[in-house]
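Below you'll find the structure, written out as structure tokens, and then a few comments.
Because only heavy atoms are used, hydrogens play no part in the values below, and waters and symmetry mates are left out as well, while side chains stay in. To find a chain, count down the sequence lines: A is the first, B the second, and so on, and within it residues start at 1. Just so you know, these numbers come straight off a predicted model, no measurement behind them.
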Amino acid sequence: MIARITSPVNICTLTHLRSLHASPPPPTDKAGFAALLQSASRRAHLKQIHALLLTTGLSHKNSLLTQLLLSLISIPDMAYARRLFDDMHKPRVFLWNTLIRAYARSNLPGDAIALYHDMRRLGVRPDNFTFPFVLKACADLLDVWLGMAVHSLVIKFRLVCDAIVRTELMIMYAKLGACDSAENIFESMSSGSKDLVAWNALISSFTQSGHADKALRLFHRMESAGVKPDSITLVSAISSCAYLGCLEQGRRLHRRIKEEMLGSNVFVENALLDMYAKCGSMEEASKLFREMQQKSVVSWSTMIGGYAVNGDSHRALSLFSRMQDDGVQPNHVTYLAVLSACSHAGLVREGKEYFGRMLDPKVEHYATMVDLLGRSGHLEEAYSFIKSMSIEPDAGVWGALLGACTIHHDLELGQLAADEVLRLAPEIPSYRVLLSNIYAASGRWDDVEKVRENMRGNHVRKAAAYSSVELDGEVYLFREGSHGPWREIYKKLDELTTVLRGMGYEPITGVVLHDVESEEKEAAVRTHSEKLAIAFGLTRMKSAGTPIRIMKNLRVCNDCHTFSKYVSKALGRDIIMRDKNRFHHFKDGECSCRDFW
DNA sequence: GTAGGGTTAG
């Protein structure tokens, strides 16, 4: 009888029988229940088994309830799992850990912490398994005080020497932005316990939290210490190069992977594709893409997104159709890349068609559509599109409308979008800057001042603009008007400006938002970080065939854009500039964005 | 019976 119930087919039969006859015979021993639990995957089955279990007087009921709980977590049905847990008599630490882990993994860090508190209140002693889950939850909550409190408990329970707990502590601090604390923990490890996973954990945490420079320094230190990188180390190192725009370093890593047979796989190759794309070299990206033995949906999406930001929307879209011909199913990131390709090229009709093909568009896809409509001048349509949304628009959606209103100088709609954006994301400075830009463009300096006053009052600070250039593997950083040790750069810039003026270049001072005289405005745009970077590139990179590659942390201004076009024409020198949104490939006085950005 | 590191966008 028991043997018959254990096969899945017979469970179906059991359920079927139940519907025909009132009460099928339930399993009578532990093995019977265990087998039933193992083969039941549906919530309804588990609930039936739970009900059956409650009616039996089995001595092993507790271990069966544990199994049932594990099954519920794997579905996952956290609410039901929690009810079951609360009904259990004195659950052991294993179960507490399992439930805390389940909350931490289900993106419910607050529930994980609350459960930890319940556990402590009932006097259950946490162990070395408990803290990795609790620390992950602290990191996800972005709560540094809580993280520090848990750290002190780790010390109290004498678990600070546990390698895994320590790695998790390190990751938590890095994610919380406390890089120094993360490094201190790393340094406190003996060289014996600094294993590859510990190195990788810190390097990848730095990469993912926007400290790519720290990640690369640590990567070099790891190699100096004689630890051989594996594919996971390489992914982080390559991603850091992508973030910083370090093409030379990225190429060097690629060469080493081939020559030294360092462990490569599709993750590493995807990171390389992205690095080439983010460094503005789609030629190298597509060469690698052709050579790749195995391509995942991420490989395709990276290439499509790469072509999109580099201004080659038509290649992006034809790659998208090739991908589908190859039978690769696009995911929501692929669609973001496709829509952004349409947006960068102003392909409104195509964008609408692709959007229409999506079964379950997310809020980011709506934001990209608003960007596409608004950027190409269909502001009212973009606004109606937002109003017709079936999901709640977020700050990104309204921000896209605000950005479009800034481009097309629509003060009224821009004001409306800004109100929504500031309500939803008061802490993001770039949106306030956009609003002040609209006011400035309309000459409303009092309103500009009000926005700035408000930013000061709320301690919201605009990110300082900078540009960077990589030379011989080193990154050189330039800030607006910075008078570093580079007198030659200013000299070069003056000479260049004179030549360009002779060709018809006039500084565009509309981008200067201060209400000042035009001479002062000219002085302000003269030393924008992009121009300093260009002058630096020209003085230090003599080979005319090599393009000057510049990374800008914010959007490039109209004047620097025009300036760069003139430079590319006057000197026959290509300039490749990555800004916050996209690439600008300047060649023979033209830009790949066709002045649409 | 439970634990640490990786790719696209945001």
Side-chain angles (χ1 to χ4, degrees), chain A residues 63 66-67 69-70 73-74 92-102 104-105 126-136 139 159 162-172 174 185-186 189 193-208 210 215 218-219 222 229-240 242 263-275 277-278 285 292 294-306 308-309 323 330-340 362-365 367-368 394-397 399-400 425 428:
Chain A
S63 78
T66 300
Q67 257 195 58
L69 187 71
L70 295 180
I73 287 172
S74 70
R92 290 150 97 78
V93 66
F94 163 72
L95 268 191
W96 286 96
N97 291 346
T98 307
L99 202 59
I100 293 173
R101 176 185 67 166
R105 285 187 180 169
D127 64 9
N128 54 324
F129 289 97
T130 317
F131 286 106
F133 310 136
V134 173
L135 290 166
K136 183 187 175 326
L159 291 166
D162 183 285
I164 295 173
V165 171
R166 222 157 28 163
T167 307
E168 208 59 71
L169 265 171
M170 205 170 69
I171 295 168
M172 176 193 75
I185 292 169
F186 184 70
M189 294 182 186
S193 63
K194 266 183 201 150
D195 60 7
L196 184 57
V197 177
W199 283 99
N200 284 350
L202 192 56
I203 293 172
S204 69
S205 307
F206 282 156
T207 307
Q208 285 164 25
L218 194 62
F219 169 66
M222 169 179 151
D230 69 357
S231 60
I232 296 181
T233 330
L234 291 169
V235 166
S236 300
I238 296 163
S239 301
S240 299
S264 187
N265 57 24
V266 70
F267 284 80
V268 175
E269 290 181 319
N270 288 343
L272 283 167
L273 289 180
D274 184 50
M275 183 274 295
K278 287 212 170 71
M292 280 168 70
Q294 190 199 344
K295 296 181 181 74
S296 66
V297 62
V298 176
S299 326
W300 290 93
S301 309
T302 305
M303 289 299 289
I304 294 168
V309 290
M323 164 183 176
N331 64 17
H332 72 280
V333 182
T334 323
Y335 272 108
L336 277 179
V338 167
L339 293 176
S340 101
K362 296 181 188 297
V363 73
E364 303 94 300
H365 299 107
T368 315
D394 69 356
V397 174
I428 300 179

In whole Å, I'd like the distance from the [atom1] atom of [X] to the [atom2] atom of [N].
X	N	atom1	atom2	answer
A:H332	B:dG10	NE2	P	10 Å
A:I304	B:dA9	CD1	P	13 Å
A:F206	B:dG6	CZ	P	14 Å

Output yes when at least one side-chain N/O atom of [X] is less than 4.0 Å from OP1 or OP2 of [N], else no.
X	N	result
A:K194	B:dG4	no
A:R101	B:dA3	yes
A:Q208	B:dG6	yes

Set of side chain to side chain donor-acceptor pair (under 3.5 Å) partners for A:S299, sequence neighbours left out: A:N270, A:S296
A:F186/A:W199 under ring pair (Phe, Tyr, Trp, His ring centres under 6.0 Å): CA gap, chis, key distance, verdict: CA-CA 8 Å; A:F186 184 70; A:W199 283 99; 4.9 Å; yes
Answer with base, sugar-phosphate or nothing: what part of the nucleic acid does [X] contact at a heavy-atom distance below 4.0 Å?
X	result
A:S231	base
A:T233	nothing
A:L196	base

Sequence-distant partners of A:S236, side-chain contact (heavy atoms from CB on, under 4.5 Å), two or more places apart: A:I203, A:S204, A:T207
